[in-house]
2 protein chains.
Amino acid sequence: MVRQHTSRGPAPHGHVTLAQVAQRAGVSAQSVSNALNNPDRLAPETRKRILAAVEELGYEPNLSARALRNRSSSLIAFKMRPSRPDKASLLMDDFLYVLNAAAVEAGYHLILCHAEDGPAGEIKAYRDLLKKTSIDAFVLAETHHNDDRVAALRSWGVPFASFGRSWDGDDSLAWVDVDGRAGTRAATDHVAAQGHTRIGHIGWLAESELGQDRREGWLDACRERDLETDLQAAVVDSLEAGCQAAHRMLDASRPATALVCASDTLALGVMRALHERGLRPGVDVAITGYDDSPTAALVSPGLTTLRQPIDEVGRQLIQAIDNLMAGDPRQPQHVLLEPELVVRGSSLPGPRTHTS
Amino acid sequence: MVRQHTSRGPAPHGHVTLAQVAQRAGVSAQSVSNALNNPDRLAPETRKRILAAVEELGYEPNLSARALRNRSSSLIAFKMRPSRPDKASLLMDDFLYVLNAAAVEAGYHLILCHAEDGPAGEIKAYRDLLKKTSIDAFVLAETHHNDDRVAALRSWGVPFASFGRSWDGDDSLAWVDVDGRAGTRAATDHVAAQGHTRIGHIGWLAESELGQDRREGWLDACRERDLETDLQAAVVDSLEAGCQAAHRMLDASRPATALVCASDTLALGVMRALHERGLRPGVDVAITGYDDSPTAALVSPGLTTLRQPIDEVGRQLIQAIDNLMAGDPRQPQHVLLEPELVVRGSSLPGPRTHTS
DNA sequence: GGGGTTGTTTTTAACGTTAATATCAGCCGG
DNA sequence: CCGGCTGATATTAACGTTAAAAACAACCCC
């Protein structure tokens, strides 16, 4: 016989609470909590009854209450950067999407963080967010040598994982990265296989560990084939810079016939240079970029480039964080993924009718 | 004389609470709360003392506790879509950045929402999120005629604002949008001013209200000048489709000399078509796109296009939400912003040395 | 000087959850 | 049949905040 307590009835705003489920199942609130969080503390029979009530009422635990009680919000924070206008898309869009998908899959939610430019502003923003919200973990992007953010987060004891390895060989950092060296080597191998022997490289300034890494891949491939490595440029990542560097390498006494670039932006600069000289990408000079930005597929001919396995990066980052949170005593994860060479018309001498 | 209570001292994990500030200032916790939330209920002198203590201890209110107590989390949710590979960047990247910046500015935080594809999945995701987290408001993107999401959110009584107007003339919806009609008219005016009289339009299928709106702008401009409007295509938003439509319009008995497109993706398809025919963009046929995607600035020649004032959109959306939350009894905001015509080489007959 | 008004501050209770502790029933061994 | 043990469930208290109510002081008016 069902007792019709003078209870408040179904919550007015559609919010079902533990207490309501408890009443329905004829147990205490704590038992409901246990049914969900500590199943083995309950008699199987009771548990089944409780879960039925949970299902029936559509109960979902209130995260604010949980966060308050547990000091853990199941929120993962990530800071976006403003996108720079002259650059090919930095895949932030995709990255955020897959990162969030993976986070939700694992029972977290992604919260965006905003900061004034500069590392100090970013650290302050992290600290403020932590004070206010008991964020569970952070995801960093583009870590560099001696990164202040890493030091700060570590000193606070907050779990975090980074997209981009620790360039100072710090093993205690959890990171996921893409092997730029292997990628650039693959691109260089590819153009060498087309018969090119004067292969230049247009990369970033020496300060950039990422750029340095990619350059190494080109060097690897060249040395392996005893090709000269005199054609190299270290410039800022802009269309203009790529264009100018390309002109220089085509003006050389023994000019480049292939140009391997550290980014799609630079590669598009090279394309512009060819355009200005009346040369045809692919046919006259082979070009490769890096990132597989949307632009790479849209230009004519298509730009050969390296696609980063961005969805795998997102999954692995969340996995790494999950391990950290579970207090997994094993070494923090280091995951190095291989980019995929996407061959399009810009590196092929063949007919250009079907360039995608 | 300061009483040395047997208090727990400074919080162990660096979290400062109301109670600690209260003790420091020699008042009750509630007074500290009031100092921050209801300043006029306190004696100015007391308030000053409390704020000093807040400052000194670096107190920040705990949002989880607030959310629990107030049923309001200062969180705004937004659902990302997976980006489609063949499209020029949809400015999601920028949009998210500015939306979050504006949200933080106004004291909110942006939380990302994930859903299985399709409207049903999206609505379910919203409902789940609401149950769990007392989200304050939602931001929708790409609303369409008879949008189920709008109906759902409204039926739950949750504040929300939409990037994209309500196409069914629903005045009770708060929205911010960009005037595609005016933008396309400006682009058409621009090519007409270069002397073109055979101006074609490549737009989206009739289902798309957005596409319809942009097409109207082209019609407006043509009619105003008594130009023929026979050259029009309604296709899917892909490079291929743009390319094919361009070929058709260039094969016409009196071929197009200018093509106004509903997207950069379509315009890039047109560029490919010209390329295949040995025609020069700008010199032989003028092209305009829409969106000012990164690609538009990177191709040679640069693509004339319309830049959406995305940062203003973000600010206005947050503003609209803020008004809704404040219970502002005035009509929900409708904001229609003008896109800006960005002229590059693709629509200019002039010399192509400096195409950006 | 009782009763009211105003202005300031404190007390109480509650938001929904869960760790820690308490309670209770059943069982075992002596 | 008592003390101790085990397993299942219930009770208590706390996380940090704030609305509502209560308390208190100062002042004013007839």
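On a predicted model such as this, the values are computed, not experimentally measured, just so you know.
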* Pairs where residues 316-325 of chain A contributes a residue and the test salt bridge (charged side-chain N to carboxylate O under 4.0 Å, His left out) is met, not counting sequence neighbours -> none
* Give a yes/no on whether any side-chain N or O of A/S31 is located under 4.0 angstrom from OP1 or OP2 of D/dA10. => yes
* Side chains of B/S73 and B/T133: do they bring a donor and an acceptor to under 3.5 Å? -> no
* Kindly indicate whether the side chain of A/I76, heavy atoms from C-beta on, has any atom under 4.5 Å from the side chain of A/I318. => yes
* Determine whether the side chains of B/D136 and B/S72 contain a donor N or O and an acceptor N or O closer than 3.5 Å. => yes
* Counting only heavy atoms not in A/E105, do more than 12 sit closer than 6.0 Å to its CD atom? -> no
* Would you say the side-chain atoms of B/S64 and A/S64 include a donor-acceptor pair closer than 3.5 Å? -> no
* To do: Tell me which nucleotide among D/dC15, D/dT11, D/dA19 gets nearest to the side chain of A/Q30.
  => D/dT11
* To do: Measure the distance from CG on A/L130 to P on D/dG16 and round it to the nearest whole Å.
  => 15 Å
* Pair A/R154, A/S172: side-chain N/O donor-acceptor within cut-off below 3.5 Å -> yes
* Asked: Which pairs pass salt bridge (charged side-chain N to carboxylate O under 4.0 Å, His left out) with one or both residues in residues 116-128 of chain A, sequence neighbours excluded?
  -> A/E122-A/R149, A/K124-A/D128
* Between B/N70 and C/dC15, is there a side-chain N or O to OP1/OP2 distance below 4.0 Å? -> no
* Enclosure of B/R315 CZ (heavy-atom neighbours >12, cutoff 6.0 Å) -> yes
* SB check B/R81 B/E142 (cutoff 4.0 Å) -> yes
Can you name the atoms? Protein N/O to nucleotides 21-28 of chain D N/O, anything below 3.5 Å, with the distance.
none

* **Residues from residues 39-49 of chain B lying under 4.0 Å of DNA chain C - heavy atoms** => B/R41, B/L42, B/A43, B/T46
Distances for protein N or O near nucleotides 22-25 of chain C N or O, under 3.5 Å:
none

* Any A/I310 side-chain heavy atom under 4.5 Å of A/F163 side chain -> yes
* Asked: Where the side chain of B/S28 is defined as all heavy atoms beyond and including C-beta, which of C/dT10, C/dT18, D/dC15 is the nearest nucleotide?
  -> C/dT10
* To do: Verify whether the ring centers belonging to A/F95 and A/F78 lie closer than 6.0 Å.
  => yes
* **Contacting residues from residues 55-69 of chain A, given that a heavy atom lies under 4.0 angstrom of DNA chain C** => A/Y59, A/P61, A/N62, A/A65, A/R66, A/R69
